[in-house]
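In what follows, a structure is listed as structure tokens, so that the remarks can point back to it.
Note that the coordinates shown come from a computational prediction; the quantities given were computed from them, not determined experimentally.
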Amino acid sequence: MANRLAAETSPYLLQHADNPVDWWPWSPEAFEEARRRDVPVLLSVGYSSCHWCHVMAEESFEDEATADYLNAHYVSVKVDREERPDVDAVYMEAVQAATGHGGWPMTVFLTPDGEPFYFGTYFPPAPRHGMPSFRQVLEGVRAAWSDRREEVAEVAGRIVEDLAGRSIGYGAGGTPRPPGPEELGAALLGLTREFDARYGGFGGAPKFPPSMVLEFLLRHHARTGSEGALQMVEATCEAMARGGIYDQLGGGFARYSVDATWTVPHFEKMLYDNALLCRVYAHLWRATGSEQARRVALETADFMVRELRTPQGGFASALDADSDDGTGAHKEGAYYVWTPAQLREVLGEEDARAAAAYFGVTEEGTFEEGASVLQLPDTGTPLDAGRVESLRSRLLAAREERPRPGRDDKAVAAWNGLAIAALAETGAYFDRPDLVEAATAAADLLIGVHLDESGRLARTSRDGAAGSGAGVLEDYGDVAEGFLALYSVTGEACWLELAGTLLRTVLRRFTADDGTLYDTADDAERLIRRPQDPTDNAAPSGWTAAAAALLSYAAHTGSSRHREAAERALGVVTALAPRVPRFTGWGLAAAEAALDGPREIAVVGPAGDPATAELHRTALLATAPGAVVAVGEPSADGADGADVSPLLRDRPLLDGRPAAYVCRHFACDAPTADPERLAETVGAAAGR
């Protein structure tokens, strides 16, 4: 018999709807039930493409004896961290503070008041590697609850008090300032120290794609000319593009590499990673003209549209790491890896030898059971482009016949915002209107399903229906970012207006009087503390996403209120940049834009005029950090119509020809009708 999760919309929760565990979704009723029964709450947090979440479910939550024990002695609550990032953030902070590490599945034991008192992540069904079994943990926590209640209450109270003291504020030092050249230079130095000169990226294994840091480095290079910053981007992007973390057949990136060499990935594919990396590679091409960067940007964009687009026009959250290996067993990476024998079966002897040499497939293998992850090793055999394309297409067609990884098809607002920005820009750079259309369709889904009349966002949707979770700060920041990028590409003023609607909600509901930002709105469900974190993780934090969007919107509109809010928010980056630059890349990128202006580029001219299109394309190719672009018909002399973007007002043609206007720091250059002159002004390669 299905449990209460059968009524939920989250694919992750629905995966557990048939468990013998009597699961509750996160709700006041669950905690009231624990209070009525006088039992602790088991909180289990994960997500649908989490490999070890699936393992623990199979080992413990599908086990009748374990389920019977849980049902007798606990109220069990299951949470999708992607649907409720606020719940995840609060308790993950407690786990990390108590244990020094975290991850998913996250296992937390709570009082009926939601106070945590014991923590962990994955627990095995039997003791191993120094870990107790899950049953031992359950029995130990039950004994403590029954026999040492005062001790449990003391621990829980101490943890809650510690979490409350972690609230981030600016103190009595007055309004903080955004990072200046000194802090940005210190951040670059810190990144240089952590850079892996041999394999690219930062730090050791496991190694995550540093997309936000790469964005900062590209902007820093554009502003200062630092060759070291650009070299770190080029080396890292080259290594990832050649490594196993990148899908050499179908495009797109896996979540991270388990090693330092980018060889073996954790095979799940996340929308946010691919959106961020698509944009990074597109921006690298914009800066250097790299053909590899162009190819990877387009292949990643095509992967998102092909594999993650939903029937409603949005983008699904993720693809699982695991899939059926053809025998009925689910194994990580089964869909993606190859043996020499499998190559021969698809390609024949001669082409299989060529493909094995080109993609680094060996008899020993680079993964499990002699299988290899496809990569492009430096020692690979060179092949002409036509033959490579033939091998790729044949292998991809054969792979399509394998059992596919599962897909979490809920649309997360923030991640769709990132995808909109990436697809709009990539489509504009490479003359792919289909990608811009895909970005527009996703934006239409967000305004049609996620956004209500009061300017509030729903966090998720599925099958065209909004989920129950309220949008958090990252949703507002990232969706505003996507709408602003779409406005720059299409010139349709509605996207600028909608970004403004979202950012008004940020200022009204998520911002304290001193400029501090919170992850949840002031009228959101109260947890043991209001979550708040300015550091970037796998995607931009809500704090830095909001700061970047506020800054861009201010440049578009001239709003001092939004500019001041952005600068106050970036004040925390001033403190973090020299110490933890790897974890504030998006904030550093926004700070580069603030320091450079950002430059405001207005292109005026008839929509169908090729000269207008050439100036607009040149403006979009600007490498000036965070440059904003508006394009449209010239307004009538003195007109101040509400439907005219602020950057376009009072901008006439130049001697009857389309023209570009560039302003920066409250000063404007003379207008120009010459794309090459515009390119020189904004750091673009005209006609690239």
### Message
If you count every heavy atom of other residues, nucleotides or ligands that lies below 6.0 Å from Asn537 atom CG, does the total exceed 12?
### Response
no

### Task
Report yes if some heavy atom in the side chain of Phe315 is under 4.5 Å from a heavy atom in the side chain of Leu445; otherwise report no.
no

### Task
Report the relative orientation of the aromatic rings in Tyr429 and His283; use parallel for angles under 30°, tilted for 30 to 60°, perpendicular for over 60°.
tilted

### Task
Could you note down all residue pairs passing salt bridge (Lys or Arg N to Asp or Glu O under 4.0 Å) where residues 410-423 supplies at least one of them, sequence neighbours left out?
Asp80-Lys410, Glu82-Lys410, Asp408-Lys410

### Summary
Paired with Leu620, the side-chain contact (heavy atoms from CB on, under 4.5 Å) test is passed by just one of Val629, Val682, Leu615, Val631, namely Val629

### Task
Determine, step by step, whether Leu451 and Leu446 satisfy the side-chain contact (heavy atoms from CB on, under 4.5 Å) criterion, reporting the C-alpha distance in whole Å, the side-chain angles of both residues, the deciding distance to 0.1 Å, and the verdict.
CA-CA 6 Å; Leu451 185 65; Leu446 293 179; over 6 Å; no

### Task
Under the side-chain contact (heavy atoms from CB on, under 4.5 Å) rule, collect the residues that match up with Ala439, sequence neighbours excluded.
Ile420, Leu423, Ala424, Leu486

### Message
Quick one, Leu647 and Cys663 - any side-chain contact, counting heavy atoms below 4.5 Å?
### Response
no

### Task
With sequence neighbours left out, write down each residue that passes side-chain hydrogen bond (donor to acceptor under 3.5 Å, both in side chains) with Ser461, or none if nothing qualifies.
His450

### Query
Taking only residues two or more places apart in sequence or in another chain, which ones pass side-chain hydrogen bond (donor to acceptor under 3.5 Å, both in side chains) with Ser317?
none

### Query
Nearest heavy-atom pair of Leu588 and Pro581: which atoms, and what distance?
CD1-O, 3.8 Å

### Summary
In short, salt bridge (Lys or Arg N to Asp or Glu O under 4.0 Å) pairs touching residues 577-597 with sequence neighbours left out are Glu194-Arg582, Arg223-Glu592, Asp596-Arg599, Asp596-Arg664

### Message
Among residues at least two apart in sequence or on other chains, which ones pass side-chain contact (heavy atoms from CB on, under 4.5 Å) with Phe583?
### Response
Thr535, Val580

### Shortest non-hydrogen separation from Thr460 to Val412 and the atoms involved
CG2-CG2, 4.1 Å

### Task
Hey, could you give me the CZ/CG distance between Arg193 and Leu188, rounded to the nearest 0.5 Å?
10.5 Å

### Task
Name all residues meeting the side-chain contact (heavy atoms from CB on, under 4.5 Å) criterion together with Ala545; count only those two or more places apart in sequence or in a different chain, and write none if there are none.
Asp478, Pro540

### Task
Enter the distance from Leu217:CG to Cys237:SG here, rounded to the nearest 0.5 Å.
10.0 Å

#### Entry: Selection residues 488-517 - residue pairs positive for ring pair (Phe, Tyr, Trp, His ring centres under 6.0 Å), sequence neighbours left out
Tyr476-Phe510, Phe483-Trp495

### Task
Could you tell me which non-hydrogen atom of Ala275 sits nearest to which non-hydrogen atom of Ala422, and how far apart they are?
O-CB, 3.3 Å

### Query
Do Leu517 and Val572 come close enough that some side-chain heavy atom pair is under 4.5 Å?
no

### Query
Got Pro534 and Thr584 here, is their nearest side-chain heavy-atom distance under 4.5 Å?
no

### Message
Assess the residue pair Leu507 and Leu550 against the criterion (side-chain contact (heavy atoms from CB on, under 4.5 Å)); give the C-alpha distance rounded to whole Å, side-chain angles, the decisive distance to 0.1 Å, and a yes or no.
### Response
CA-CA 9 Å; Leu507 295 177; Leu550 286 163; 4.1 Å; yes

### Message
Under a 3.5 Å distance rule, please check whether Tyr661 uses its side chain to pair with a backbone N or O of Glu600 as donor and acceptor.
### Response
no

### Task
Could you tell me whether a side-chain N or O of Arg219 sits under 3.5 Å from a main-chain N or O of Ala589, the two making a donor and an acceptor?
yes

### Salt bridge present between Asp86 and Arg459 (N-O < 4.0 angstrom)
no

### Query
Under 4.5 Å between any side-chain heavy atoms of Thr288 and Leu230, yes or no?
yes

### Task
Could you check whether the rings of Phe208 and Tyr256 sit parallel, tilted or perpendicular, using 30° and 60° as the cut-offs?
tilted

## Note on the structure
Tightest non-hydrogen contact, residues Val108 and Pro116, listed as CG1-CB, 3.8 Å

### Task
I would like to know whether Asp536 and Thr544 meet side-chain hydrogen bond (donor to acceptor under 3.5 Å, both in side chains); could you show each step before the answer?
CA-CA 8 Å; Asp536 300 323; Thr544 58; 2.7 Å; yes

### Message
Nearest 0.5 angstrom please: Tyr518 OH to Trp543 CH2, how far?
### Response
8.0 Å

### Task
Heavy atoms only: give me the nearest Ala287-Leu218 pair and the separation to one decimal.
CB-CD2, 4.4 Å

### Task
Please collect all side-chain hydrogen bond (donor to acceptor under 3.5 Å, both in side chains) contacts where either partner lies in residues 181-190, sequence neighbours excluded, each pair once.
Arg177-Glu183

### Summary
Hits for side-chain hydrogen bond (donor to acceptor under 3.5 Å, both in side chains) against Glu83, two or more places apart or cross-chain, chain-then-number order -> none

Using distance only, find each side-chain donor-acceptor pair of residues 498-506 under 3.5 Å and give its atom names and separation, not counting sequence neighbours.
residue, atom, partner, partner atom, Å
Thr501, OG1, Glu497, O, 3.2
Thr501, OG1, Arg504, NH2, 3.1
Thr505, OG1, Gly455, O, 3.0
Thr505, OG1, Thr501, O, 3.4

### Task
May I ask you to decide whether Arg286 forms a salt bridge with Glu425, counting only side-chain N to carboxylate O separations under 4.0 Å?
no

### Task
Mind checking side-chain hydrogen bond (donor to acceptor under 3.5 Å, both in side chains) for His562 and listing every partner two or more places apart, or none if nothing turns up?
Ser559

### Task
For Glu215 and Trp586, indicate whether the former's side chain and the latter's backbone hold a donor-acceptor pair under 3.5 Å.
no

### Task
Mind running side-chain contact (heavy atoms from CB on, under 4.5 Å) on Leu184 and Phe216 for me, showing each step along the way?
CA-CA 9 Å; Leu184 295 172; Phe216 157 63; 4.0 Å; yes

### Task
Hey, could you give me the CZ/CD1 distance between Arg529 and Ile159, rounded to the nearest 0.5 Å?
14.0 Å

### Task
Look at the side chain of Asn274 and the backbone N and O of Phe253, then say whether any donor-acceptor pair between them is shorter than 3.5 Å.
yes

### Query
How about Trp26 and Leu527: do any of their side-chain heavy atoms sit closer than 4.5 Å?
yes

### Query
What distance separates Ile447 CD1 from Leu457 CG, expressed to the nearest 0.5 Å?
11.0 Å

### Task
Using a 4.5 Å cut-off on heavy atoms from C-beta on, say whether the side chain of Trp104 contacts that of Asp88.
yes

### Trp285 side chain reached by Leu621 side chain, heavy atoms, under 4.5 Å
yes

### Task
For side-chain contact (heavy atoms from CB on, under 4.5 Å), just list the numbers for Asn416 and Leu271, CA-CA rounded to whole Å, side-chain angles, deciding distance to a tenth of an Å, and then say yes or no.
CA-CA 8 Å; Asn416 272 260; Leu271 175 61; 4.0 Å; yes

### Task
Return yes if some donor-acceptor pair links the side-chain N/O of Arg509 with the main-chain N/O of Asp523 below 3.5 Å, else return no.
no

### Query
When rounded to the nearest 0.5 angstrom, what distance separates CD in Glu567 from OG in Ser560?
10.5 Å

### Message
Minimum heavy-atom separation for Pro598 and Gly626, please, with both atom names.
### Response
CB-O, 3.3 Å

